[in-house]
Amino acid sequence: MELLTRFTFVSACLFAEWAVTFIAVANCSISPSEMNGDSALKLPSAVIPVSQKSTLGSFYSLSLSSKFPEDLEVNEYCTELLRIYGQRYVTFANCLVTYARPVRVCQNCYTGFNSLEDIYKNISFDKSAPGNVGCHDSLMRSDRLMLLYTLFIKLDEIWTSAECKQCLNEDQDALSNDTLYFMATLNQSLSCFEQYQRNHTELCKDCKTSYKRLNEVYGRMEKNLMLCIDLEDAMNMTQHLWSKNFRCLLPREETVPVIAVSSFMLFLPIIFYLSSFLHSEQKKRKLIHPKRVKSSSSLMNIQDKFS
Amino acid sequence: MANIAKKVSWSGRGDDRGERTPLLNGDEEVKYNRQDIVRSRPKEIPHNEKLLSLKFESLDYDNSENQLFLEEERRMSHMGFRCLEIRRWVICGLIGFLTGLIACMIDIAVEKLAGYKYFAVKLNIEKYTELGGLSISLILWAVLNSAFVMFGAIAVAFVEPIAAGSGIPQIKCFLNGVKIPRVVRLKTLVIKVFGVICSVAGGLAVGKEGPMIHSGAVVAAGVSQGRSTSLKKDFKIFEYFRRDTEKRDFVSAGAAAGVSAAFGAPVGGVLFSLEEGASFWNQMLTWRIFFASMVSTFTLNFFLSIYHGKPGELSSPGLINFGRFDSDIVQYNLYEIPLFIIMGALGGVLGALFNIINYWLTIFRIRYIHRPCLQVMEAMLVAAVTATVSFAMIYFSNDCQPLGQDNTEEYPLQLFCADGEYNSMATAFFNTPERSVRSLFHNPPGTYNPVTLGVFTLAYFFLAVWTYGLTVSAGVFIPSLLIGAAWGRLFGILLSFIASSQSIWADPGKYALIGAAAQLGGIVRMTLSLTVILVEATGNVTYGFPIMLVLMTAKIVGDYFIEGLYDIHIKLQSVPFLHWDAPPTSHWLTAREVMSSPVTCLNRVEKVGRIVDVLSNTSTIHNGFPVVAHTSENDEPGIICGLILRSQLIVLLKHKVFVERASSRLSQRKLQLKDFRDAYPRFPPIQSIHVSQDERECMMDLTEFMNPTPYTVPQETSLPRVFKLFRALGLRHLVVVDNENRVVGLVTRKDLARYHVGKDGLEELHLAQT
C-alpha cells in the first residue's frame, strides 16, 4: 500500500520539472524484481487519472504527433534495445509458427527463446545512471498496455506449457542426451515402419521390438519428468500409426476362458444361497405376551367412547 | 362398532395372515381367538419386521432428582459449574480431534492398500494382455478382493457383530434413546475401523463415510467417560459425565463430527444430529456440537495436508471430496428445474427398488445366514463376484478414450485399446468408488459413452444392493452416489443428444451431481441434513435449491413405495424406535390400553429378599419400579411416592445399604451419587451379587435414592399425548395412576413403539426374544 501511494505520487510529478530527484528515489526504491506479476500490472493504471488531472493544461498545447520535451523521450539506448527486442521477437514467433505442426518447437526454437529472454532481461534489469529514466520504466511500465511485458509473458507461457526446458540440457543451450537418444530410437522405429509399409501383419511382428523399446524409453522419461511437447507429440503420432494405421492391436482371443471363469464365479453364490436355504435352520423368534389390563374393561371403554 | 383385535394365532412358518390383522375393525371371531392366545404358551415364528426385541432398553435420559442429587448440587460451588461447562467444551474439542484423526487414518490406509492391490492387478493384466491368460488376472483380482474382505468379515462376524453395516441405523437408535448393547464400545470402534479399511480395499461396492459417523459416536462416548471398560482403564477424569443424559449429548456431537469428517460438511453434521436426535435438544448443545464438527474437519484437513506433503494447505476437508464445481461452467438455468424434478422422481423410484430388494435380502440373511462362518463366506463370495463382474465389464467394453493431459485416472487400463488410450469402463470399475464418483462428476463431456454408463449403472446397482447388509462394516453413501452419478451423467448425455446442438446447459457433470443426490435421497430419505451435506461437499451454494428440490421429490416418490433404508434396517432389527410423531388415528387409544399392568411395585421400606427376587426374575426383566407408600396384602394398588431403577437397586444391594446396618454404616462413608456413576455403564447383573440368607431378612429404605417426582399420567391420557411426553422428555418409564394417585400401570418405550400404521390401519408389533 505504501509502495503504491509513493509510486502514484512520484508519477504525478513526472511532468513537473522539479521531480528529477524524486524519480531517482523511485528508481532505487522500486526494483523491477519487486514489481513482477500482478502489482506491475495494476500500478500504472492507478497512475493515470492523477497524472491526467495534474497536467491537464499542458496536454492542450500538445498534439500527439508533436514531440515531448527531451527528458521525457525514450533515450537512444532504450530505442536500440526496443529494436533488438522486436527483431528477436519476430524471429522466435516465426520459428514457433513454422514448427507448430508436427510439433518441433523445442528442438528448433530454443535459441530464439534464449535470445529473446536475454533481451527481455536486459530491458527489465536496465538501470541507467541517476538522472535518467531507466529503460525498464520508460519501455515497459509507462502505459496501461505494457505491450512488451504482455508480449513476452504470453510467449513465456507457451514455452512453459510446452515444457521445453525438460528436453534441454542444464544450460538450456542444447538438447539433452536423453532427448537425442529418444529421437534416435524413434527414428529406428519409423524406418522400420517404412520398411514394411505394405504388409501390416509383417510390420506388427517385425517392428515390435523397436516399438517396444521406444515405449520403454518414453515410459522411463515420463517417470523422470524429461518429456516436452515435441517428444509427446512424436510419441502420440507413432502410437497412432501403430494402433490405428497399421492396426497392430492385441487380439481379444481369450473370451472363452474368461466367460468360463466368470460364470463359475457367478454360479458360486447361487449354490451358497440355495444350500444355506436348504440346510441352515431357520432362525425363530419366541413371542412374548406382555401383561395387559383385562381387556373387557378396555373394550367397554372404547365402546363408550365410540357410541 | 370397533373391536380391538390384538393378536391372531400364529400357525407356524409361512403363515403371515396374522401380520396384517387390523387392530381396529376386528370381528367377533377374532375377539374370542385372542383370549385363547393369551393363555397359550410362547410361540415361535420366523423373524420378520413386525417384532420388538426384548434385548433393547431405553437410555435413562430423565434425571433422577433424588436426595443424593440435591445434596451434590448443594455442595457444588458456582465455580464447579463453570468448570463443568469448560470440561464439556474440552471434551467436544477432543471428540472432533480424535474423529478427524481416525478419518485421516482410514483414508490413508485405504489409499495405500487399494493402491497396492490395483498396482499388482494392473501389472498382471498388462502382462497377460500380451501373453494371453487373462483369466488368471481375473482370478488374482477375485482372490485379492476376497482375501481383504475375509479379514474384515472375520473381525466383524466373530469379534463384534454390532460393527457390521454402516452403523447409521444404530446411531440413529442411540440418539433416539435406545440403548443398543455394545454399540459405543472401544472394541466396536477398532473392529469398525479395521473392517471398513478391509472392505473398501477389498473392492466391495461400499464407502467409508457411514462407518465414520459410528466411529465418531464411539469416540465421543469413550472420551466423555474418561475411561474404557474394554481396556479396563480409568483415567479418573470427566466422572461427572458418567450417565446416559450426558453421554447421549456427547454422542450426538460425535456423530456430527463423524459426518463432518466424512463429507467435509460441519454444518451438515450438526443438522444430521439435529435431524436424527432432535427429540431432546438444547440450543447450547448445538453450538458445542458445531465446535466439535469444525475441529474434526479441520483436523482431517490438516493431517491430510501433511500426508500429501503440503502442510498447512487446507484443501481436503472431507473423506469424500466432490471436487470443485466451477460455477461458470455448471450453472443451472430456470428451465432445467423441471428436469431436476424428473430426476428426483427417478431417484425416488430407483431408491425404492433398491430398498425393496435389500429388504427381502436382509430378511433372508437374518433367517438363514446367521452363523458367523456363513456370513464370512457370503462376504467373500460377494467380493469375488464384484471382481468378476468388474473384470467382465472391462474385458468386453469397447469404449476407449484418449489419455487426458492431466491424467486423472490413477490406474488407467489399456487392455485392448489402442496405445495412448485407456479403457473407459475401467475408470469406473478399476478404482476406489470415491474416485469413480469424482471422475463422473468432473470428467469433461465425451469421456464416457452412454452404453458404458448404462451397463455400469445396472451392474453397480445390483452389486450395491447385494453388498449392503453383509457382515462387513461399510457404508451405503458412496455406492448410492456412484449409481446416481452414473445414471445422472447418462441422463445428461442423452439430453444433449435430444438438444442436438452441443448446448452448454447439458453439461453431464452437473446432471451427474443431481442424479447422485436423487439416488442417495431415494435410498436413505434424509432431508435437511443431506441437502446441506451435499451442498457443503460440492462447495457450491447455488446448487442448494436444485438439490433440495431433488431430495424432496425423491423422498415423496420413494415414501410412496417403501421407507428409507435405515428405517427398514432399524425395523428388521426389532428396535423399539420412536418416530417423530405418534401414528395418526391413534387418539382413541388411551394410556389404559397402552400400559403394562399389573406393575411390580416396591414399598418405600422394602425387604431385601423381595427386591432380590424381583430383580432375579428372568421372565420379567423390569428396569424401573414404582415405589408405593405401602402395598396392602390384597391386590389394591398403592399410592405412588417415587420411582427407582434396577441399576440403583443393584448398587444399593452391592453396598448393602440396609436399615439394620445403618448404625454400623455411620462409621462408613455415606453413599454418594459418585458410587452410582462408578458402576455406570455396565452395572453388574443381579446374579453376581451375593446376598446371604440373613441379609434377605433385612430391610432397605429407598426414600433417599428413588426419584421422588416421576412423571405420571392419568389412565385416560391419549396415546399421542403419552408419546409426546416420551419424545420430548426422553422418558424411560411413565407411571399411569388412577384418580387417587394409585399405580395402575407403567408405560415404557416398547409399549409405545409397538403401534404403527400398516396397510389396514393401526397395527401392533409383537414382543419377541431375539
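Chain naming here is simple, since letters A, B, ... match the order of the sequence lines and numbering starts at 1 in each. Just so it is clear, the structure is predicted and the values come from calculations on it, not from any experiment.
Atom CZ of B/Phe396 sits in a crowded spot, with more than 12 heavy atoms from other residues, nucleotides or ligands closer than 6.0 Å. The neighbour count for A/Asn224 CG, taken as heavy atoms of other residues, nucleotides or ligands under 6.0 Å away, is above 12.
Among the candidates A/Asn215, A/Thr255, A/Asn236, the residue making the largest number of heavy-atom pairs closer than 4.5 Å to chain B is A/Thr255.
Residue contact with chain A, scored on non-hydrogen atoms closer than 4.5 Å, involves the side chain of B/Val389 exclusively. Both the backbone and the side chain of B/Leu374 come within contact range of chain A, each with at least one heavy atom under 4.5 Å from a heavy atom of that chain. Of the two parts of B/Ile366, the backbone and the side chain both hold a non-hydrogen atom closer than 4.5 Å to a non-hydrogen atom of chain A. There is no contact between B/Gln715 and chain A, counting heavy-atom distances below 4.5 Å.
Contact record, A/Ser262 with B/Thr388: CA-CG2, 3.4 Å, taken as the closest heavy-atom pair. Scanning both residues, B/Glu44 and A/Lys284, for their nearest heavy atoms gives OE1-CB, 3.6 Å. B/Ala384 and A/Met265 make their closest contact through CB-SD, 4.3 Å (heavy atoms, listed as atom of the first residue, atom of the second, distance). Taking all atoms of both residues into account, the shortest heavy-atom contact from B/Leu138 to A/Val258 is CD2-O, 4.2 Å. Between A/Pro269 and B/Leu381 the shortest heavy-atom distance is CA-CD1, 4.0 Å.
A distance-only check finds a donor-acceptor pair linking the side chain of B/His370 to the backbone of A/Glu281 [under 3.5 Å].
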